[in-house]
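Structure record follows, encoded as structure tokens.
Numbers here are sequence positions counted from 1. Indexing begins at 1, ligand by ligand and atom by atom, following the structure's order.
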Amino acid sequence: MPLQELRHRHLLGLKTYGADEIALILHTAREFREVLDRPIRRVPTLRGVTVVNLFFEPSTRTRISFELAEKRLSADTVNFSASGSSVSKGETLKDTAQNIEAMKIDMVVVRHSSPGAPHFLTQCVDAAIINAGDGAHEHPTQALLDMLTITDHCGSLEGLNVSIIGDILHSRVVRSNIHGLLAMGANVTICGPNPLLPLHLDGMSPNGQVRVTHRLEEALEGADVAMALRIQMERQGRNLFPSTREYHEQYGIKLEHMNRYPDLKVMHPGPVNRGVELASEVVDHERAVILNQVTNGVAVRMAVLYLLSGRGGSE
Ligand code: CP
């Protein structure tokens, strides 16, 4: 019998989420997607629930889609940015969270540059915590919306070949996707230049299931999906490759690849550096599903908020 409730109280990452929990989130997201197609895109599901969006790092897609998801579910929402708050006067994450919780809130969505910040919050406050991206650790709702988008275009994840290309070292998206995709039975390849791959792949590739290659052609051959990752200039302490032009020559997905692999779907979590990870024509290509990913972000975040709110019977 399919799972009815999540076993987890928080969403800190996908590492500990089982296939049945991921399947429940994706199934719930598909149901909420129907709400988003109605003339009035709002349901009373989370009426009376208060959600705080704590963003200590910039965001466009994640922040707006969480806020939209909360509004579509009729939750009360409060938005917090580190700039303009008492964090700039030296207030700690713990004090910030406890002061916000003292105003009677139920759920916290947090993005932070420190890996583990969402886990730390679970020890400071009683609210349900949702990780909206913590450093290079995890970005679970991104991986969930990626998996929803893949199933829309390719059917079941079981046995599917997904290649993730680019700045693996600094990517929280790749970590969440590896956990989620492997749990759902997909085959994962990671590809990038040596300096952008982690020195030790053990944590990223439990039991060696993840295939590693430095050659783009090898990653694309036989792939159903190519997921390009943004080169994260802001997290690089030094130049890890000679130039973005050379990176594009060796690892950028170009129109010739779209022509050579006629069934290949291309994804990117955004924001895209056009002409670096993807040629501009590839970003706009009919088999690039980047905006579908963004659309699915709202439904996935509605599902996660609902399932962790306690309104669906979960703990
Ligand atoms: N994909 C993603 O996390 O984008 P934002 O940084 O704009 O939220």
Could you check if a side-chain atom of Pro271 sits within less than 4.5 angstrom of a side-chain atom of Arg61, using non-hydrogen atoms only?
yes
Hey, are Glu217 and His257 close enough side-chain-wise for a donor-acceptor pair under 3.5 Å?
yes
Can you report which non-hydrogen protein atom sits closest to atom 1 (N) of ligand 1, along with the distance?
Pro269 O, 2.8 Å
Would Pro271 count as being in polar contact with ligand 1, using the rule that some N or O on each side must be under 3.5 angstrom apart?
no
Could you give me the CA-CA distance, side-chain angles and deciding distance for Val51 and Val108, then say whether side chain to side chain contact (heavy atoms under 4.5 Å, CB included) is met?
CA-CA 6 Å; Val51 188; Val108 176; over 6 Å; no
Check ligand 1 against Gln142 and write out every atom of the ligand that is under 4.0 Å from a heavy-atom position of the residue.
1 (N), 2 (C)
Check ligand 1 against Gly270 and write out every atom of the ligand that is under 4.0 Å from a heavy-atom position of the residue.
1 (N), 2 (C), 4 (O)
Asn296 and Thr149 side chains, donor-acceptor separation under 3.5 Å:
yes
May I ask you to list the atoms of ligand 1 that are less than 4.0 angstrom from any heavy atom of Thr62?
2 (C), 3 (O), 4 (O), 5 (P), 8 (O)
Hey, does Glu57 sit under 4.0 Å from ligand 1 if you only count heavy atoms?
no
Test item: His179 side-chain N/O and Lys15 main-chain N/O as donor-acceptor pair under 3.5 Å
no
For Thr60, the ligand 1 atoms whose distance to one of its heavy atoms is below 4.0 Å:
5 (P), 7 (O), 8 (O)
Grouping I, L, V, M, F, W and Y whenever their side-chain heavy atoms are under 4.5 Å apart, do Met107 and Val125 come out in a common cluster?
no
Closest to atom 4 (O) of ligand 1 among protein heavy atoms sits Arg61 NE, 3.1 Å
